[in-house]
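Both counts, for ligands and for their atoms, begin at 1 and track the order of listing.
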Amino acid sequence: MRKGIRIRGNGKRQCWGGARIWRVPGKAKPPICASPSCSTPLPNLRHLAIIEPLVYLTLRLRLPDALIRLPSGSRLCTRRSSSALAPGSGATIFALSSGQGRCGVAVIRTSGPASGQALRILTAPRDLPPARHASLRLLSDPRSGEPLDRALVLWFPGPKSFTGEDCVEFHVHGGPAVVSGVLQALGSVPGLRPAEAGEFTRRAFAHGKLNLTEVEGLADLIHAETEAQRRQALRQLDGELGHLCRGWAETLTKALAHVEAYIDFGEDDNLEEGVLEQADIEVRALQVALGAHLRDARRGQRLRSGAHVVVTGPPNAGKSSLVNLLSRKPVSIVSPEPGTTRDVLETPVDLAGFPVLLSDTAGLREGVGPVEQEGVRRARERLEQADLILAMLDASDLASPSSCNFLATVVASVGAQSHSDSSQRLLLVLNKSDLLSTEGPGPGPDMPPHLLLSCVTGEGLDGLLEALREELAAVCGDPSTGPPLLTRARHQHHLQGCLDALGHYKQSKDLALAAEALRVARGHLTRLTGGGGTEEILDIIFRDFCVGK
Ligand SMILES: Nc1nc2c(ncn2[C@@H]2O[C@H](COP(=O)(O)OP(=O)(O)OP(=O)(O)O)[C@@H](O)[C@H]2O)c(=O)[nH]1
């Protein structure tokens, strides 16, 4: 029978097979802060290594920011570094959290230890309302006693609040005079100061209410302009990416515990058989999962910042007409004169719910003056950066030399793409379909797959929008399904760092080096969700927020 020790739900330990429990010198006060196990002495480290590798490793290595679930449901945890908080974080902050300008209702928030006091002072002589219940109160200026507004107030005692601190929400009438009166009244309360941009969220992060990927999701949700961006941001705010990374980090922690235990106790010291093999298997599975995520070809980043869609074709094909049609505004000059567009003209557009940076470019042709030639050079340069190319031809002019040359280039590029792993995509659009019956024979059977469109009559526009939706879902990823997307270069960097470190683990003959590689890999995952060493990026991320969030 194997020896074993289990920490039970009531904090007591169950031993079997003759296992004994004794205190580990110098570690009688482990960082166990949640009941029921906080006051219990530690079991034998060796047994702990086998039975509870996560607990073992937390104690053995004193991992920072560990938040590990014990089987009993109790937790081991350490607090997040206080440097996650902005300077002056002991103060109580206040700000208008709803949008600026005249509106029906405006929400003013406070967060910090003096929140309750501020509420009492503004609603004097009333006591605090019941927690998390909306109560109607008269707000008055504490300096003059002058009534400011009759408002709904909500009292959120910490830690059950957005920031984890004592918070108050004042739902006041949204006139500028009311809002400014209440803000000034709050500013006169001792211990209160106006909040910096993103300071509420920063406090929520510092108190462990949100991890870094959730903070990023919140910032993205505030800035989301299209449906797909909103869906993606909401998923990230819900913690999907963070959850995935934490799962991976736990896998690595277990593998690291096994390797460390093997180093500490050796193979003939009663350690379970196959401990190292098990770690190898887990690392291999993790490498496959990370590789799959990194192969997302920057879809999430495109979804966040917009996909580059470039319209190209010979002069007069109707490129500018299409850009104006898709953006629903006169971005480019449309004229029957070939070579009207000389430079790259960009406009942000919401296309089928996806964020797009749409570019109109000069018509591609040779043997023209230096200005137009420069335009053609810029058009080609922009084409190289495109995620999706809309190649456009005049359907009534397919036999002209410029159309034939362009078509040959398109066919070559489609052929090249099917043989490469390029993520650039292409849609061939034959415009001016309204002229087909009168002016041209139309596309023959050897024409590559294409869409017929008339920018003048709008015929074929629905088909084009549907094709664009499919292409953009491929370019940006579908935010409603599949695994969470990596929306920032930072995510990509840490996952790649983790994968590289796992590669070193596999190559290391020395167990100490292998363990170090696992530690590095785990560090990347921890930093991705905001664990140790992320202070330098906090300012960058919180800069994206507005005051009051
Ligand atoms: N009949 C018809 N005319 C069109 C259509 N689309 C555009 N045109 C006309 O074709 C001419 C050229 O249109 P533009 O949109 O300026 O074409 P372009 O490709 O941007 O031209 P360049 O700037 O010279 O490269 C204009 O007179 C448009 O009104 C269409 O679907 N049907």
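For ligand 1 and S320, the ligand atoms under 4.0 Å from any heavy atom of the residue are 15 (O), 18 (P), 20 (O). Atoms of ligand 1 lying under 4.0 Å from at least one heavy atom of P338, given by number and element, are 24 (O). Within ligand 1, the atoms closer than 4.0 Å to a non-hydrogen atom of A317 are 19 (O), numbered from 1 in the order shown. Short contacts between ligand 1 and G363, defined as distances under 4.0 Å to a heavy atom of the residue, involve ligand atoms 25 (O). In the vicinity of T340, heavy-atom distances shorter than 4.0 Å reach the ligand 1 atoms 22 (P), 23 (O), 24 (O). Atom numbering of ligand 1 starts at 1 in the shown order; those under 4.0 Å from a heavy atom of E337 are 24 (O). Annotation for ligand 1: atoms under 4.0 Å from non-hydrogen atoms of D434 are 1 (N), 2 (C), 30 (C), 31 (O), 32 (N).
The option from L435, T341, L322 that lies nearest to atom 23 (O) of ligand 1, judged by heavy atoms, is T341. Which of G339, P315, C455, G318 comes nearest to atom 24 (O) of ligand 1 through a heavy atom is settled by distance: it is G339. The nearest non-hydrogen atom to atom 7 (C) of ligand 1, considering only G313, P314, S321, comes from S321.
Smallest separation of non-hydrogen atoms from L364 and P315: O-CD, 3.6 Å. Residues F354 and R469 share a closest heavy-atom pair of CE1-O, 3.9 Å.
By the criterion of a heavy-atom distance under 4.0 Å, both the backbone and the side chain of N316 are placed next to ligand 1. Residue contacts with ligand 1, taken as heavy atom pairs separated by less than 4.0 Å, involve S335 solely via the backbone atoms N, CA, C and O.
Between the side chains of S335 and T340, at least one donor N or O sits under 3.5 Å from an acceptor N or O. No hydrogens or angles considered: a donor-acceptor pair under 3.5 Å links the side chains of S320 and D360. Counted by atom type alone, R382 and T361 present zero donor-acceptor pairs between their side chains at under 3.5 Å. For K319 and T341, the side-chain atoms include no donor-acceptor pair closer than 3.5 Å.
At a 3.5 angstrom cut-off on N or O pairs, T361 does not count as close to ligand 1. Of the N or O atoms in V334, none lie within a sub-3.5 Å distance of an N or O in ligand 1. The shortest N or O to N or O distance between A362 and ligand 1 is not below 3.5 Å. Between D360 and ligand 1, a contact under 3.5 Å exists for no N or O pair.
Of all protein heavy atoms, the one closest to atom 8 (N) of ligand 1 is K432 CE, 3.7 Å. Atom 6 (N) of ligand 1 has as its closest protein heavy atom N431 ND2, 3.1 Å. Looking only at protein heavy atoms, the nearest one to atom 3 (N) of ligand 1 is V456 CG2, 3.6 Å. For atom 18 (P) of ligand 1, the nearest protein heavy atom (residue, atom name, distance) is K319 N, 3.5 Å.
A salt bridge between R378 and E374 is present, with a side-chain N of the basic residue lying under 4.0 Å from a carboxylate O of the acidic one. Between E384 and R380 there is no salt bridge, since no side-chain nitrogen of the basic residue lies less than 4.0 Å from a carboxylate oxygen of the acidic one.
The side chain to side chain contact (heavy atoms under 4.5 Å, CB included) with F94 is formed by just one residue from the set P194, S111, S115; it is P194.
Between the side chain of D397 and the backbone N or O of S403, no donor-acceptor pair lies under 3.5 Å. N324 places no side-chain N or O within 3.5 Å of a backbone atom of P330 that could act as its donor or acceptor partner.
Atom CH2 of W248 is separated from atom CG of L502 by 11.0 Å, given to the nearest 0.5 angstrom.
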